[in-house]
Amino acid sequence: MINPQHLRDNTEALKQSLLTKGVDAGEFDNYVALDQKWRAVTQETEVLQQERNASIPKGKPSPEEQTKLAELSKSVKAKQAELQVVAEELKTKAMEIPNAPLPDVPVGKDESENKVIREVGTPRKFDFEPKSHEVLAEELGWLDMERATKISGSRFALFMGAGAKLERVLTQFMLDKHTTEHGYTEVQAAALVQSSALEGTGQLPKFADDLYRMEGLDLWLSPTAEVQLTNLYQGEILEGPSLPLRYVAHAPCFRKEAGSYGKDMKGIIRNHQFDKVELVQFVRPEDSSAGLEKLLGHAEAILQALELPYRVVELCTGDLGFSAAKTYDLEVWFPSQNAYREISSCSNFLDFQARRAMIRYKEEGKVSGYVHTLNGSGLAVGRTFAALLENSQTDTGNINHPRALVPYLGQENAIV
RNA sequence: GGAGAGUUGGCAGAGUGGUCGAAUGCGGUGGUCUUGAAAACCAUUGAGGCUUCACGGUUUCCAGAGGUUCGAAUCCUCUACUCUCCGCCA
């Protein structure tokens, strides 16, 4: 949620900033007007309440006093009802306004204007035609996309045998690295979450169409463990000295992928369900910028350890997600597509999510304000699986696993 | 799934429809004392909103949402959660 104080003090600057993110000018003006109306009605309500409170005598009121109080009470209630309507309208509106980008984010309208920050590792030169991950995996018997369709329909994976093991091992490798080297606490959370949690991180109310919902229940399949992890502290006041708090979770992620018909239909790049290792941090506001760079480094460390070539891209204003103020995507090289594809997204949300989820912190016994939240994939496991296959394939259709996985796969399995 | 009990400030725990934002204890903060610390003693200590340059003013909040009443932490209804017992179960 946008800081309402900031909205009032810097209305025009905020508007300009949000316009670069694609917010409609009329919608914004509407929001500002609603905020003004709400403040006015709040004032009116308080005046009436004050009048009523001042008229309440000590002890039991006399009949005349009761009559007077009844009148006052009636007018207060009428005003309160009016206020409630306005407040709900405002709340609805406020929940639909996205976060403003940080000033240093490049302005642009869509992903074509994203900025490549650096490329790490060199895409391998093949002396044969590299196969796509889905072809490799089907040939090796590691993936069975056809039978997956029988069970669950399109866009679902079925990992088999050594493929299933590799998927599991990748997850474990990532978790181990983040917990032992990067200082994250491992969390295993439920995949089903309530709407309040999704509102906290920003998936709701606007993006309900992308989510699976349990019939007749206020339970949804979480699209990312960012939801579970960030809402760990929903409604809490954290101790300043305990910050930053870092959590990592491995969780299945569920997305309808509405509107992506025909995109990435082969393989496991874009499935309705996929596993992801997610990093979330709660930090003091002054630490969030540096924190994002560190978190990005933690995600990069996985790619480096797996010897995968990748690049870091900073999203332009128009491509930023709803809640994010700044985002770096990590894109890994896919030889079969001759392209870099997103494998991680690391964002700074400032106090946007904390404000929605009511996550504050205190310093020396006093509430200091909202924390800043950061998150990033570290990494999407399915895409890592696919990238690993494509980049490590041999001309005989086998896979050379990176050295980092030897302790997990065993020496004899390291080179297949 | 059935039966019962509960949910109050950071924690524990009072609270009979008006004098309750709420006793008391612990904890926190500041101070006195002390070479220093502990102990003891004194003071202070919930959160949000609106308003104000500021001091301050004001309002709301006793799980959540409704209701009764001139007036609700206290009465009623629903929901969520916790605990105990029974049943079922990986």
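Below, all heavy atoms of this structure are taken into account, side chains as well, without hydrogens, waters or symmetry copies.
Residues A:Thr201 and A:Glu226 have side chains that never bring a donor and an acceptor to within less than 3.5 angstrom of each other. For A:Glu390 and A:Ser336, the side-chain atoms include at least one donor-acceptor pair closer than 3.5 Å.
The base-pairing partner of B:A37, taking Watson-Crick or G-U wobble contacts with both distances under 3.5 Å, does not exist among the strands shown. Both distances falling under 3.5 Å, in either a Watson-Crick or a G-U wobble arrangement, place B:U7 opposite B:A80. With both pairing distances under 3.5 Å, B:U69 is matched to nothing as a Watson-Crick or G-U wobble pair. Pairing of B:G1, defined by two Watson-Crick or G-U wobble distances under 3.5 Å, is identified with B:C86. The partner of B:A43, taking Watson-Crick or G-U wobble pairs whose two distances both stay under 3.5 Å, is B:U29.
Contact annotation for A:Glu88: no contact, since no heavy-atom pair falls under 4.0 Å across all strands.
The distance between atom CZ of A:Arg8 and atom C1' of B:U52, rounded to the nearest whole Å, is 14 Å. Whole-Å rounding puts the A:Leu48 CG to B:U58 P distance at 16 Å. Distance CD (A:Glu236) to C1' (B:G9): 16 Å, rounded to an integer number of Å. Rounded to a whole Å, the NZ atom of A:Lys362 is 11 Å from the C1' atom of B:G9. The interatomic distance linking A:Glu44 (CD) with B:U51 (P) rounds to 13 Å, in whole Å. Rounding to whole angstrom units, NZ of residue A:Lys91 and C1' of B:G48 are separated by 13 Å.
Pairs of residues two or more places apart, or lying in two chains, that qualify as salt bridge (charged side-chain N to carboxylate O under 4.0 Å, His left out) and include a residue from residues 94-104 of chain A are A:Asp104-A:Lys326. Within the structure, every pair that satisfies the salt bridge (charged side-chain N to carboxylate O under 4.0 Å, His left out) test and touches residues 286-308 of chain A, not counting sequence neighbours, is listed here: A:Arg118-A:Glu300. Here salt bridge (charged side-chain N to carboxylate O under 4.0 Å, His left out) pairs that include residues 83-93 of chain A, with residues two or more places apart or in two chains, number zero.
Mapping A:Thr42 and A:Gln194 onto RNA chain B by nearest heavy atom places A:Thr42 closer to the 5' end of the strand.
Remark: A:Gln5 is not in phosphate contact with B:U51, judged by side-chain N or O atoms under 4.0 Å from OP1 or OP2.
For the P atom pair drawn from B:A40 and B:U82, the interatomic distance equals 38 Å after rounding to whole Å. With C1' as the reference atom, B:G4 and B:A90 are 28 Å apart, rounded to whole Å. When the C1' atom is compared between B:G6 and B:G13, the two are found 14 Å apart, to the nearest whole Å. Between the P atoms of B:A22 and B:G27, the separation comes to 23 Å (whole Å). Atom P of B:A65 sits at a distance of 15 Å from the matching atom of B:A80, rounded to the whole Å. For the P atoms, the distance from B:U69 to B:C20 is 25 Å, rounded to whole Å. Only the C1' atoms considered, B:U45 is 13 Å distant from B:C26, to the nearest whole Å. Annotation: B:G15 and B:G67 have their P atoms spaced 29 Å apart (nearest Å).
No side-chain donor-acceptor contact under 3.5 Å links A:Arg52 to the backbone of A:Ser73. For the pair A:Glu186 (side chain) and A:Leu175 (backbone), a donor-acceptor distance under 3.5 Å is absent.
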Inset, instruction - Summarise protein proximity over nucleotides 67-77 of chain B in one line of letters, 5' to 3': B for base, S for sugar-phosphate only, - for none, counting protein heavy atoms closer than 4.0 Å. - result: --BBS------
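Atom CD of A:Glu111 is surrounded by 12 or fewer heavy atoms from other residues, nucleotides or ligands within 6.0 Å.
A distance below 6.0 Å separates the ring centres of A:Phe385 and A:Phe159.
Ring-plane geometry between A:His182 and A:His178 is classed as tilted, the angle between the planes lying from 30 to 60 degrees on a 0 to 90 degree scale.
Across A:Thr317 and A:Pro101, no two heavy atoms sit closer than the pair CG2-CG, 3.7 Å. Closest of all the heavy-atom pairs between A:Lys15 and A:Phe28 is CB-CE2, 3.4 Å. Between A:Asn99 and A:Ser323, the closest heavy-atom pair is ND2-O, 3.0 Å.
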Between the protein and nucleotides 43-47 of chain B, list the N/O to N/O atom pairs that are separated by less than 3.5 angstrom.
| from | atom 1 | to | atom 2 | distance (Å) |
| --- | --- | --- | --- | --- |
| B:A47 | O3' | A:Arg360 | NH1 | 2.9 |
| B:A47 | O2' | A:Arg360 | NH1 | 3.2 |

Protein-nucleic acid N or O pairs under 3.5 Å, nucleotides 59-64 of chain B:
| from | atom 1 | to | atom 2 | distance (Å) |
| --- | --- | --- | --- | --- |
| B:U59 | OP1 | A:Asn53 | ND2 | 3.3 |
| B:U59 | O3' | A:Gln49 | OE1 | 3.1 |
| B:U59 | O2' | A:Gln49 | OE1 | 3.0 |
| B:U60 | OP1 | A:Arg52 | NH2 | 2.9 |

